[in-house]
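Remarks on the structure that follows.
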Amino acid sequence: MTFFEDCPPQVLKTHGELLLALSHLFAQGGENLSQTLSPLVKSCSAIAEHYNTSRLLQANQILAQYSETNDGEYLVMCYEFNRLFVGPNAPVAPPYESVYLSSDHLVMGEQTLAVRKFYQRENLQTIGQRHEPDDFISTELEFVAYLLSRIIETQAAKNSAKIQLYKTLYQEFWQQHLGLWLKTFAHTVSQSAKHPLFSALSEILVALSTLNAPLNTKEAPYETYAPQISRRSSSRCCL
Amino acid sequence: MGDWEWPLILFTVLGQIAIGIILMLWWLARNRNLNIQLFKRGVHVSGGLLLIALLASLFHLGHPEAAYRALAHLGSSWLSREILFFLLTFLAWIYLFRLSRQQTSSHTLGSGASIITTAETAAGGQPTSNLSLGLGITSLLGLLGIASSAMIYVLPRVPAWNNGGPVLFFLLTTGLLGALCTLVLGGNLLQTAQKKLLLQVSLGCTIFSLILSVIYGSMLSASMEGAASLNYHLSSPLFWVRALVSWLAPLLLLVIILKSPDLGKKNLILTVTLLVGLGEILGRALFYLSATGIQITALF
Amino acid sequence: MSKQLGFLHNSEKCVGCRGCEIACKNEYQIEATPQWRKVFQLHEDDFSLPTRMFFSMACNHCAHPECLRVCPVKAYTKREDGIVIHDPNRCIGCRLCTMACPYDRPQINPAKKKVEKCNLCYQRIDQGEKPACVTACIPGALELVEINDSLDQKTGILKTLPGLPSPKITSPSIRFIGPKQGKQIRRD
Amino acid sequence: MKLTRRKFLGGAAAVAASSMTLFNFNLLTNSPSASAADQPSEAIKTFRNVCPRNCYDTCGMITYVEDGVLKKVEGDPKHGYTNGKLCLKGYSYPRRVYSPDRIKYPMKQSPRGSGNWTRISWDEAMDTIAKKILDLKKRYGSTLPICLDKYSGNFGIVHYGIEGTMSSIGYTTRAVGTPCWPAGIDAQTYDFGTLYSNDPEDMVNAKYIILWGQNAAWTAIHSLPFINEARERGAKLVVIDPILTSTASKADLYIQINPSTDGALALGMARYIIDNNWVDWEYARANSLGFDEWVEYVKKSITLDWASEKTGVPKDIIMEIAREYATAKPASMWVGYGMQRHTNGGQNVRIIDALGVMTGNVGKSGGGVNYGHLETWGFNYNAMVNAPPKGSKGFIGPDGKEGDRAINMNNFAHDVSAQSDPPVKMLWLACRNPGAQDPDTNAIEKMFSSMEFVVTVDSFFNKTVEMSDIVLPATTHFEDWDVMASYWHYWVGINQRAIDPLYECKSDVEIAIELSEKMNALEPGSCTFPTSGTPEEWLAKEFNPGIHQMLGINDYKELIDGPRKAKMPPASWSDGNFRTPSKKIEIHSELAEKNGLPALPIWVDEMKTPEKYPIRFMTPHPQYALHSQFQNLDWMMTTNPEPKVEIHPNLAAKYGITEGTMVKIYNDLGSITVKAHLTRTTSTNVIVAYEAWYKNSNFNVNYTLKAIPSDMGKQATGNDGLAFHDNFVMIEKA
């Protein structure tokens, strides 16, 4: 309930920048880390300083270290990025919401369509609609960043009806979508990341989902399971 | 057994201790001999245990937030009945708690006043029947709750459970741990006769439990699944630990205590109680672990 | 109860293709682990000659459903036509039914922490269609039938098969046409 | 590509124009309709698809699509053979389409086999490939260093555009042949002129059915209802197979024959039929050449004792099935592909053909020696036929004609490596996974590593993709327009594009178009593949008046209403017009003789079991997979999580193997280690593991398999088949 009273535009902007930086990082892929890492480091520092969280600072230090690395190291990170998120091998952490939240752990699941409907509420659609799942992490992050930017604008315009609208949209989207799977996704990444950059990235994703809590009325429940987790657990009882 | 049975082990054992204590208090109160301090202590401890037990029970549910719905099927579900009786027991306990509070407010008994006194004096004119009635009703509801708990496991699918075993074992646990815990709680507040009585109850329960287990075990081999349960027990080191800590050691120690002039040292009683408690938890774990259900035995 | 719907499984025709199992998953897009319907291979040694014999089993919509009896939240209901329906909205995931069913057919879905099972495609039946598994059975080994005395009096109708729990526990609404073995010319 | 870009720019422009916000979108854009949010969900749409896998059944499917998402698949009730039902693999299709494991974008690996992959654009992929092709062409003076290996991953007619891709860049090296069934094809070609089987739905009319090395329950399950109906009408079902399969378990009579001795059993039967004069002399003499010659051979050389000794089948059983087969008219035989995967496999099929001829069961409804057919495959193969670019240099064949250089698909590793003038430098793989499916996996690995460049088009990260430089993401059949015929039943169905291609997946024709554009940009005239046409237009070009007439349609669009059955008589060869040189059944085949084979269907000894490796390792088709497809999907991995080798308890006891023991199976070529399953469904000298590619597993039955050719296949398919089942090994506890 304390969303926009407590969050000055500057803080919202910082959040939005982090969301966008992450969105770009996933959208541009492992091949463009040399361009997408620095903005992430920058926005991450701003957030870490604002909240003064040491874990985030530490993670960001690793990010910063690798954002100034050589081409060889960038290539190694690119390979790891693809192994984790892209393929052509079965990716370890496919960056799509429905893989984590739908009961069948496939892409284009119910969440994908629900997310599509969310975008439509703002008369938006994904550029790759029907080709790329709408619940691709970058698209969801961009949408959240967009909502924050709308909040800032409407706050500036003192349009309280609109502020309320975007605030609600933001909270709903976070609680029904991004907030539900971001931690599981991050956990999956950290479980099998072979390069410190991605452990750090996972840490930032966790921080992001936690830091967004003050922006929300309450933290989203994380009672969801990654496919790896639920596939492992048995459905049989003791008998 | 998966992780999800731990809440059940905790719930059943703690719940049974709680009700066992109240049962013993009731028994002690029957000839107006209950020390008021012990009453209070007993009510508080049993209430705490009951609360932990009830909370623990929530965690074996996939959706604890919807636990209230479990009351919906009193017609045939023993789980519904269990919940009902435990809730009623808890309500009755609240009444006991109120009684214990009233006494505090009207009569401040210093620790030095731990003279053996009758409940009537302690209650300062309040009718002891209230107290006795409260303990009685709570015990009765609690016992019904425990019996219902046990009936949940009386499943035609599980031959090892599909008999009087669960009910008897659950009730024996109640008696045994109830008596022992009351002894521990009571300490010097208990009269020697009361102590003796509680020790005898403990010994009786232990002997009965041992005999019953032998009979029960021999019955099990009648069905394939029962035999599997029995085999599981006999080949599990856990079972032999349980046999040691909850039958052999208590038997030995209880006899020693009963024979000693001052009915044993406090520490010895505490030791027996802890051993039996551990044994009962092991026993409960084995109860779940060993259960073999009738099932499809075809390949794959 | 006016009638009791159930399955008739013809083990003479069933080749263990598992089409029924997967057709069920396809119909409800059930995730990988829970198997509402499952094909079992009978023990080779239960027959005079080694063989690959199968039966397919989902919820048996028992005449005396243990799941329904033990469920504390009334998640189970038995319809007029005998179908035992599990309502996941009521389910609180206590798993008692999974302990009580001798056929292990209600199963916990670890992600949803609720139990799921076959509801005999009652929505399809209400529209005059057959259950998805029956529709999918290529050799015609699985049928939707009314379980009654006249069925039981037919020759060759069995109430159980080797490897199955005694039908006395729950009176399952499934009948079998037993596997028949042909002649085998073997080299061992 | 163009479409995406336009859409992207359009979207960006719309955002810029809107006064809504100054926010810079990258992935989102304004939706075309302002009230999009209020639009209700689209109604469920249905599409017709056909399963394009290498399978007898080629099922008609109905695909349910909601909001552009494939929801479920069902069998097409208008398909008279598959009758509205799918197999377990068919029902798992949504898991395949939407598996997060799918290959999504063109990717490049450097170096090959390192696991170091980078994502590249289609443009870069095509640029790299085109430059490599042009470079090789320049260096070697021709495109012959480029080798195509395509086979059965998708049998859709438009997928022959893969061959067309190669044709359009010049003369190339081609893996020719078929690993599956060539020996039997040649056997029927020598005997009848081609392979041509009765309509499988016609099996209901049979009074006696022999499934010879055929496990329909796993490989052609939609035939079972027809067999069952015949049985309900009184027919007896006999299954002859070294393995007691699911099908065999249902038979009235199961005969566990010594592997590779099927011809001996048929000859024993023939001898008993002759002795009892149950021969249909009239049919045989009127319709065939060399029949009497063969009868003389049987009388002179074959005894029942010999046949019994050879096959392990008791004499009285040979007599029983001979009598029943010859006297139950009509009697149908179905020859499976497993039984011809031997060094004498084709010859055994020829003997079985002769058995059908001598009893007059050929050309009869309810009869036939049924193996397969290609009668309904008369499409234009428009995407396949492209003239080579002007000035292309080809390989001068033995006939003096210039053309592609053919190498043996069934000895691919060896033949690729053996080329020197010019050597093979680049592989293009599509609809094919030699890493999992070819014999001698070690040799395949070695050959791949000797290549300069490997391009693979696929949907999942299998062993072949692992060994590639560039992988291109393939569409599934739900994302394509196509038409599919069957090599077993007589139905033909259209395959609609039910959903848009996911990610950056492209069909083989779309890939060819991209490549053609790129090559011509780099070197005008270097590729002749047309660069226009929508997928549906490409499909339309496959139809011709012959197909229209056969299916009774005027336009391919009529197939959208339902698949059509070819207008053909239910019994093959019922007109008696055989397609041999003599127009008769050639029991005596000069063509066979010319090809160095016996002219007559006489006994040819099976491959001897080597002393060092006394155990036969059979690797038949799996239940949960089709070759290396399907088993990797989650449903299959749950139902059938790991491979097992079936071992007879007596054999297992000899090596101290118990249920669940890990067993090492090995010979000179290589080894695999797999869990034991003890069962008496196999025999004491045969172990069985089913070929498949399991997700995240290196299990592959082909490590011990030598590329031993079967006896036939050259005549009709270009190369001899593979004796997959003459695979001898030793076992030990791992």
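Below, chain A is the first sequence line, B the second, and so on; all start at residue 1.
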Exercise. Any donor and acceptor pair, going by atom type alone, linking the side chain of A:R83 with main-chain N or O of D:N116 inside 3.5 Å?
Worked result: no

Problem set entry | More than 12 heavy atoms of other groups within 6.0 Å of A:N70 CG | yes

Exercise. Considering only heavy atoms from C-beta outward, does the side chain of A:H105 approach that of D:D634 to under 4.5 Å?
Worked result: no

Seminar exercise, completed: Output for pair (A:S149 OG, D:F25 CZ), nearest 0.5 Å, gives 7.0 Å

For this session: Decide yes or no for A:M108 and D:L502: does some side-chain heavy atom of the first lie under 4.5 Å from some side-chain heavy atom of the second?
Result: yes

For this session: Test D:L27 against A:T139 for side-chain contact (heavy atoms from CB on, under 4.5 Å), laying out the working first.
Result: CA-CA 6 Å; D:L27 300 154; A:T139 319; 4.0 Å; yes

Seminar exercise, completed: Highest number of heavy-atom pairs under 4.5 Å with chain D among A:T112, A:V86, A:D134 belongs to A:V86

Exercise. How far does NZ of D:K108 sit from CG of A:N82, to the nearest 0.5 angstrom?
Worked result: 11.5 Å

Exercise. Which atoms of D:S110 come close to chain A, meaning under 4.5 Å heavy atom to heavy atom: side chain ones, backbone ones, both, or neither?
Worked result: both

Seminar exercise, completed: Heavy-atom closest pair (A:L124 atom, D:N30 atom, distance to 0.1 Å) is CD2-OD1, 3.7 Å

Exercise. Less than 4.5 Å apart, any side-chain heavy atom of D:R95 and any of A:D104?
Worked result: yes

Problem set entry | Which portion of D:P94 sits near chain A, non-hydrogen atoms under 4.5 angstrom | backbone

Exercise. Which residue out of D:I103, D:V69, D:L70, D:T118 racks up the most heavy-atom pairs below 4.5 Å with chain A?
Worked result: D:T118

Problem set entry | Side chain proximity check, A:Y146 to D:L28, heavy atoms < 4.5 angstrom | no

Problem set entry | Straight-line distance of D:N26 CG to A:Q28 CD, nearest 0.5 Å | 7.0 Å

Problem set entry | Side chain to side chain, A:V107 and D:Y503, heavy atoms closer than 4.5 Å | yes

Problem set entry | Student check: side-chain heavy atoms of D:P501 and A:H131 closer than 4.5 Å | yes

For this session: Would you give the length of the straight line joining atom CD of D:E66 to atom CG of A:L113, rounded to the nearest 0.5 angstrom?
Result: 7.5 Å

Exercise. Are side-chain heavy atoms of D:Q109 and A:P88 found at a separation under 4.5 Å?
Worked result: no

Exercise. Once you round to the nearest 0.5 Å, how far does CZ of D:R119 lie from CG of A:N32?
Worked result: 9.5 Å

Problem set entry | Proximity breakdown for A:F143 and chain D, heavy-atom pairs closer than 4.5 Å | both

For this session: For residues A:P91 and D:K104, report the shortest heavy-atom separation together with the two atoms involved.
Result: CG-NZ, 3.7 Å

Exercise. Atom CD in A:E110, atom CG in D:D67: separation rounded to 0.5 Å?
Worked result: 13.0 Å

Problem set entry | Contact leader toward chain D among A:R116, A:E132, A:E142, where contacts are heavy-atom pairs under 4.5 Å | A:E142

For this session: Step through the shown structure and confirm whether more than 12 heavy atoms of other residues, nucleotides or ligands are within 6.0 Å of NZ on D:K71.
Result: yes

